[in-house]
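What follows is one structure encoded as structure tokens, with my remarks underneath.
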Amino acid sequence: LEIILPVLIFSLSLGYGFYKLLQTPNPKLQTNIKISVIQGNILQELKWNPASSDFIIDRYLNLTVQAAKDKSDLIIWPEAALPVVLEEEPLYYEKVKDFVQKNKTPLLFGAVTLRDNFYYNSALLLTCEGKLLSRYDKLHLVPFGEYIPLRKILGFLETVVPIGDFIPGEDYTVFRQQDIKTPQPPINFSVLICFEDLFPGLSREFRKSGADFLVNITNDAWFKKTSSPYQHLQASVFRAIENRVYLVRAANTGVSGFIAPSGRIISLVRDETGRNIFIAGYKAQEISVGEKKLSFYTRYGDAFYFIMFYF
């Protein structure tokens with residue numbers, strides 16, 4: 001029994017996986033949407049340098065003009081793509097809104113926002129008219145990168161957080177696209193900012209709240225030219241598989257691209273030599289959404305693991 005039971009469990013798990021991979025979604029229940037991701041490739045030493053602000057915003061606008069030729073339904077910029085605090089330098093925000101209105105394509109972008117004297121790491125969705133439709137404030141902050149834990153004891157480390165302590169958001173925001181240029185029925189999605197795709201519970205809650213697909217916007221310039229950007233990409237692969245949804249990534253310096261519900265990486269932003277980190281570019285990809293049935297993992301989380309641990 002000690003041998004048979006583990007073999008049986010392994011076989012059932014493997015068989016279930018093959019069964020799910022061979023299933024074909026009902027095309028009548030699917031809606032196609034084309035998305036473009038922009039990879040700005042802004043070096044970390046330039047990102048918050050005031051002298052680089054115009055260069056950075058022009059880089060994103062120029063890449064977006066090129067991406068707009070693909071006639072996408074949604075364009076996505078990475079985390080903190082806007083190189084200023086939104087409310088402190090509103091002229092840059094107005095420039096983006098005017099651009100979106102002229103371009104006539106909805107834009108999701110990352111920015112640092114300031115409200116009631118508190119900073120947030122946010123994702124904002126502008127309609128094709130350049131109006132703010134919705135905003136998500138990052139829930140899971142990076143210790144020592146976005147806030148100082150135990151500040152009364154470790155306050156001397158405040159220089160590590162260059163802008164000041166961020167405040168976590170409170171809502172599992174679902175961006176509902178019925179008011180922007182998308183096919184019917186409405187398509188809903190949620191955003192994971194930075195390393196939030198490392199935490200399965202966040203993705204599960206977004207999916208259970210109604211997200212049809214997930215988006216990860218991140219910086220990753222911190223990692224330099226190491227294996228870390230690729231390791232971060234693999235975290236997104238797991239979130240796509242667990243929730244059986246597409247996951248779209250827009251990373252400042254890479255890796256940006258599209259992951260299928262099976263975990264297969266469909267396409268990535270690359271240059272002519274095949275490189276996908278520390279290059280500027282964009283990629284358009286059509287994805288299918290509409291499967292409202294939640295996966296076992298989305299519904300029950302790590303219940304299977306805890307059952308196995310008990311036995």
CG-OG distance between Asp58 and Ser52, expressed to the nearest 0.5 angstrom:
11.5 Å
Between the main-chain N or O of Ile35 and the side-chain N or O of Gln285, is there a donor-acceptor pair closer than 3.5 Å?
no
Going by heavy atoms in the side chains, are Leu107 and Lys97 under 4.5 Å from each other?
no
Value rounded to 0.5 Å, distance of OG in Ser203 from CG in Leu214
5.0 Å
To the nearest 0.5 angstrom, please state how far the CD atom of Gln39 sits from the CG atom of Leu268.
9.0 Å
Within the side chain of Asp271, is there an N or O that forms a donor-acceptor pair under 3.5 Å with the backbone of Thr273?
yes
For a side chain to side chain contact (heavy atoms under 4.5 Å, CB included) with Arg249, tell me which candidate from Ile265, Asn216, Leu192 qualifies.
Asn216
Taking side chain as C-beta onward, heavy atoms only, is Val37 less than 4.5 Å from Tyr282?
no
Could you tell me if the side chain of Ile277 sits less than 4.5 Å from the side chain of Val255, heavy atoms only?
yes
Glu45 CD: over 12 foreign heavy atoms closer than 6.0 Å:
yes
Can you measure from CG (Leu139) to OH (Tyr172) and round to the nearest 0.5 angstrom?
5.5 Å
Looking only at heavy atoms, the pair that brings Ser36 and Ala67 closest together is OG-O, 4.0 Å
Do Tyr246 and Ile259 pass the side chain to side chain contact (heavy atoms under 4.5 Å, CB included) test, and can you show the C-alpha distance, the side-chain angles, and the key distance before you say yes or no?
CA-CA 6 Å; Tyr246 280 89; Ile259 304 168; over 6 Å; no
Looking at Tyr93, does the NZ or CZ of Lys95 lie under 6.0 angstrom from its six-membered ring centre and within 45 degrees of the ring axis?
no
Verdict with reasoning, Asp220 to Thr253, per side-chain hydrogen bond (donor to acceptor under 3.5 Å, both in side chains)
CA-CA 6 Å; Asp220 285 7; Thr253 52; over 6 Å; no
Residues clustered with Leu8, ILVMFWY side-chain links under 4.5 angstrom:
Leu12
Mark yes or no for whether Arg204, through its side chain, and Thr298, through its backbone, hold a donor-acceptor pair below 3.5 Å.
yes
Test your reading of the model: is there a side-chain donor-acceptor pair from Ser190 to the backbone of Thr173, 3.5 Å cut-off?
yes
Measure from the side-chain N and O atoms of Arg270 to the backbone N and O of Asn276, and report whether any donor-acceptor pair falls under 3.5 Å.
no
Does the plane of the ring in Phe175 sit parallel, tilted or perpendicular to the ring in Phe189? Use 30° and 60° as the thresholds.
parallel
Is any side-chain heavy atom of Asn103 closer than 4.5 Å to a side-chain heavy atom of Val65?
no
Pair Glu205 + Arg299: basic N to acidic O under 4.0 Å:
no
Can a donor-acceptor pair be found, under 3.5 Å and without considering hydrogens, that links the side chain of Asp70 to the backbone of Ser72?
no
Closer than 3.5 angstrom, by distance alone: can the side chain of Asn252 be matched with the main-chain N or O of Asn41 as a donor-acceptor pair?
yes
Looking at Glu88 and Val85, would you say the former's side chain and the latter's main chain have a donor-acceptor pair under 3.5 Å?
no
Donor-acceptor check, side chain of Asp212 to backbone of Asn188, threshold 3.5 angstrom: yes or no?
yes
From OG1 (Thr127) to CG (Leu132), nearest 0.5 Å
8.5 Å
Any donor and acceptor pair, going by atom type alone, linking the side chain of Gln101 with main-chain N or O of Gly130 inside 3.5 Å?
no
Taking the side chain as every heavy atom from C-beta outward, state whether Ile76 and Val248 have any pair of such atoms under 4.5 Å apart.
yes
Heavy-atom check, side chain of Ser236 versus side chain of Leu247, under 4.5 Å:
yes
Just do the side-chain hydrogen bond (donor to acceptor under 3.5 Å, both in side chains) check on Trp77 and Thr64 with the steps written out, would you?
CA-CA 9 Å; Trp77 292 359; Thr64 304; 2.8 Å; yes
Minimum heavy-atom separation for Ala111 to Leu124, with atom names?
CB-CD1, 3.9 Å
Close aromatic pair by centroid cut-off 6.0 Å: Tyr136 and Phe206
yes
Side chain proximity check, Leu82 to Val84, heavy atoms < 4.5 angstrom:
yes
Answer yes or no: is there a side-chain heavy-atom contact under 4.5 Å between Arg115 and Ser122?
yes
Excluding sequence neighbours, so at least two apart, what forms ring pair (Phe, Tyr, Trp, His ring centres under 6.0 Å) with Phe195?
His140, Phe199
Leu198 side, atom CG; Arg239 side, atom CZ - distance, nearest 0.5 Å
7.0 Å
Got a sec, which hydrophobics cluster with Tyr120, joining ILVMFWY side chains under 4.5 Å apart, including via others?
Phe118, Ile167
